[in-house]
Amino acid sequence: MPAKVDMDKIVSLCKRRGLIFPSSEIYGGLASCWDYGPMGVELKRNVRDAWWKSIVHERDDVVGLDTSIMMHPGVWAASGHIDSFTDPLVECKSCHLRWRADAIEGQGCPKCGGELTEPRMFNLMFKTSMGPVEEEASTIYLRPETAQGIFVNFDNVITTSRKKLPLGIAQIGKSFRNEITTGNFIFRTREFEHMELEYFVKPGTDEEWLDYWVKERFDWYVKLGVRKENLRLRQHGKDELAHYARDCYDIEYLFPMGWSELEGIANRGDFDLIQHAKYSGRELSYYDAEAGEKYVPYVIEPSAGVDRSVLAFLIDAYDEEEIEGEKRTVLHLHRSLAPVKVAVLPLSRNEKLTPLAKEIFNKLCPSFVTDYDDSQSIGRRYRRQDEIGTPFCVTIDFESLEDKQVTIRERDSLAQIRVPVGELGKILEAKLKGESFDVSPLWATREK
Ligand SMILES: [Zn+2]
């Protein structure tokens with residue numbers, strides 16, 4: 001089944017409407033780096049917030065953390081990243097393009113058919129040096145995952161949080177991987193934002209918790225509007241498991257380039273805590289008072305990308321519809337993800353309409369992300385809001401000045417209802433929570 005939208009359309013919409021721009025564009029761009037524009041920054045923030053809410057705030061068994069990107073180099077020796085976080089790299093002897101040996105078919109260069117070098121292992125961590133002296137001892141790495149910041153703080157969190165196992169520690173932050181090949185817009189980039197949960201459990205209960213988190217994470221995408229038929233689960237084969245993993249599932253999404261990983265949920269066992277205990281000399285275990293025993297917990301890790309989630313939400317929300325003979329492009333984004341919740345649109349830029357429209361904007365903007373737009377025709381402004389996925393537009397017309405009522409236009413149904421200005425905030429709040437709001441009693445206040 002082909003995906004209904006090609007990536008070019010998504011990239012072009014993102015550029016046109018201020019969601020995502022190529023990085024350093026005025027200098028010709030920088031490969032696989034992207035900047036989030038005024039609408040994109042809101043969308044990305046909403047994705048992050050939705051994850052944090054469901055993982056941290058709505059549970060009493062998970063706490064949050066924000067650790068530094070630069071860490072002691074010993075961390076990466078212990079975690080196995082210095083030795084094992086590598087991809088086999090081959091180079092074409094004629095055109096000098098570089099490829100991941102395990103990602104190409106056949107013997108020759110996929111571009112020109114030229115002869116390839118023997119594969120050599122290429123470490124994906126970005127190396128830099130700390131302090132003013134560039135020497136071996138000052139070499140540090142940009143973190144390739146946020147997980148290790150969590151493992152090295154396991155003891156700090158356990159002793160200060162007064163929580164019992166099972167206990168999760170969650171973190172959102174930038175990670176860096178010097179991928180040999182990148183692409184498909186924001187799907188694979190060298191700098192990206194991770195949303196990771198390390199959920200520590202008693203050994204023996206790990207398989208059960210793995211199943212639990214696979215389901216929990218799958219449902220998260222569905223609850224936020226991703227269609228179930230565009231999602232699937234795939235268990236890793238024994239030969240593709242990462243060096244730390246006992247078992248792993250990918251939640252895959254049907255991206256325009258085909259089924260690809262959206263999120264991985266791995267059973268990391270006790271690998272990380274044991275390694276850090278060995279390399280740091282600090283004991284990292286848990287005393288289970290109820291069972292009266294001490295053990296090294298196992299850990300279940302749902303690991304998602306903010307950018308990759310943004311891309312899946314955009315693709316799944318994208319639609320081109322024909323409304324009364326006219327084409328409209330619309331993002332049916334879930335209301336909690338939409339960059340702008342409400343647009344205040346006076347029918348035209350008119351000195352009589354402006355004061356009431358501004359008054360409404362000022363009243364709404366402390367509660368919802370609200371946009372004010374009074375330039376161009378109302379039709380064009382509706383189309384602009386549809387393209388960024390604004391769920392509700394509020395239109396102020398000349399009648400509004402007389403009857404103190406305004407029109408709410410719904411993005412998906414295109415239904416228009418007229419409501420009293422005084423009730424507007426309450427009605428929008430209910431609608432943005434997904435509650436139905438019966439406006440019929442309000443009609444009694446309408447004079448005609
Ligand atoms: Zn070549």
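Everything quoted here is computed from the prediction, not taken from an experiment. All ligand and atom numbering here is 1-based and tracks the order in the structure. Reckoned from all heavy atoms, side chains included, excluding hydrogens, waters and symmetry mates.
- Geometrically, R143 does not engage Y141 in a cation-pi contact defined by less than 6.0 Å to the ring centre and at most 45° from the axis.
- Judged by a 6.0 Å distance limit and a 45° cone about the ring axis, R217 is positioned over the six-membered ring of W220.
- Taking the ring axis of Y36 as reference, the NZ or CZ atom of K44 stays within 45° of it and closer than 6.0 Å to the ring centre.
- For the pair R409 and Y382, the cation-pi test (distance below 6.0 Å, angle within 45°) is passed.
- Of all protein N/O/S atoms, those under 2.8 Å from the Zn ion (ligand 1) are C92 SG, C95 SG, C109 SG, C112 SG, and waters are not counted.
- In this structure, E326 pairs ionically with R383, as a charged nitrogen and a carboxylate oxygen lie closer than 4.0 Å.
- A donor-acceptor pair is defined here as one N or O able to donate and one able to accept, closer than 3.5 Å; such a pair exists between the side chain of E196 and the backbone of A147.
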